[in-house]
Amino acid sequence: MQIVSTIAGLRRILSEWRAQQLRIGFVPTMGNLHDGHLRLMSVAKGDADRVIASIFVNPTQFGVGEDFSAYPRTEQDDQQKLMAIGVDLLFMPEVIEMYLANRHTIISVNALANIHCGLSRPGHFDGVATVVNKFFNIVQPDVAFFGQKDYQQLLVIETMVRDLNIPVDIKSVPIVREIDGLAMSSRNGYLSVEERKCAPMLYQALSRAKDEIMWGNQNFEIIENDAKELLKNNGFLPDYFTICNGENLQPAQIGQHDLVILAAAKLGRTRLIDNIHFISKKQ
Ligand code: PAF
């Protein structure tokens with residue numbers, strides 16, 4: 001696996017690959033890789049001739065007081081994992097390589113940036129959209145891979161690509177869960193032993209809410225409130241638990257069938273997010 005930290009170095013390798021008409025797959029990450037990331041890499045390997053992963057803890061998607069400095073950086077370990085799975089190239093730029101001091105451009109996917117996670121984390125999705133846009137311009141992949149765990153992020157990126165005619169295919173990859181249902185996340189490592197035992201309740205609350213809807217309950221507000229109560233009773237501080245239209249993340253309306261239930265809740269100091277996307281209509 002080649003490891004490159006400059007845009008110029010990356011472009012030299014990419015131009016050789018393009019001259020050979022190879023299909024290039026890209027998986028952006030912030031490192032601290034777990035099996036969820038590795039699933040993205042292996043799906044990418046099955047789809048593309050060459051796979052590029054990036055590790056970049058992007059400062060612009062962290063708000064004041066968030067965990068940018070504390071975000072786990074495990075580069076040696078990450079490199080071993082990427083090598084073992086057969087990633088061809090790892091791009092690991094420094095912040096100064098990615099961001100000029102006098103930069104002026106921000107990408108904002110307005111309709112999606114300021115709801116749900118965007119409400120609690122102002123500017124977060126602008127940071128994500130801007131850095132992903134920059135990566136797409138730097139790497140110019142044919143296809144890029146994102147996990148469904150960050151459902152709102154996935155829609156932000158799909159919308160940006162569509163609105164700006166970016167010639168990259170976006171492939172989404174299902175959530176990878178621990179045996180007890182907890183969605184894999186780099187932030188799970190912040191949980192204490194006791195919190196880790198409670199954490200799967202987030203997925204259980206989502207699954208119960210989905211079951212209610214599948215059984216025909218359309219009183220979404222009651223379902224949401226019950227779920228928040230359940231979470232509070234199990235030590236969580238819910239941020240939101242909301243049944244949405246799966247395409248635009250607006251509150252679900254009775255009769256809509258493409259639904260996603262989005263949840264974010266704090267357990268101690270750790271903010272966990274998870275979701276379930278499903279079609280409610282029985283086929
Ligand atoms: O999902 C992430 O890890 C990040 O938000 C991403 C897409 C790599 C952008 O920094």
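Just so you know, ligand 1 is whichever comes first in the structure, and atom 1 is the first atom listed for that ligand.
- Residues F241 and E224 approach most closely at O-CG, 3.4 Å, considering heavy atoms.
- For the side chain to side chain donor-acceptor pair (under 3.5 Å) test, no residue two or more places apart in sequence or in another chain qualifies with Q153.
- Close contacts between ligand 1 and Q61 involve ligand atoms 4 (C), 5 (O), 9 (C), 10 (O) [criterion: under 4.0 Å to a heavy atom].
- If you look at T29 next to ligand 1, the close heavy atoms, those under 4.0 Å, all belong to the backbone.
- Residue V131 has at least one heavy-atom neighbour below 4.0 Å for each of these atoms of ligand 1: 9 (C), 10 (O).
- Inclusion of N58 in the set of residues having an N or O under 3.5 Å from an N or O of ligand 1 is not warranted.
- A pairwise comparison of heavy atoms in I223 and A209 identifies CG2-CB, 3.6 Å as the closest pair.
- For atom 3 (O) of ligand 1, the closest non-hydrogen atom on the protein side is M30 CG, 3.7 Å.
- Between the side chain of R50 and the backbone N or O of A48, no donor-acceptor pair lies under 3.5 Å.
- Using a 4.5 Å cut-off between side-chain heavy atoms of Ile, Leu, Val, Met, Phe, Trp and Tyr, V173 falls into a hydrophobic cluster with M1, I3, V27, L33, L38, L40, M41, V43, V51, I55, L82, M83, I85, V87, L90, M92, V143, F145.
- In terms of protein heavy atoms, atom 5 (O) of ligand 1 is closest to Q153 OE1, 2.7 Å.
- Side-chain atoms of Y99 and N58 include a donor-acceptor pair closer than 3.5 Å.
- Interface atoms of ligand 1 facing P28, defined by a heavy-atom separation under 4.0 Å, are 8 (C).
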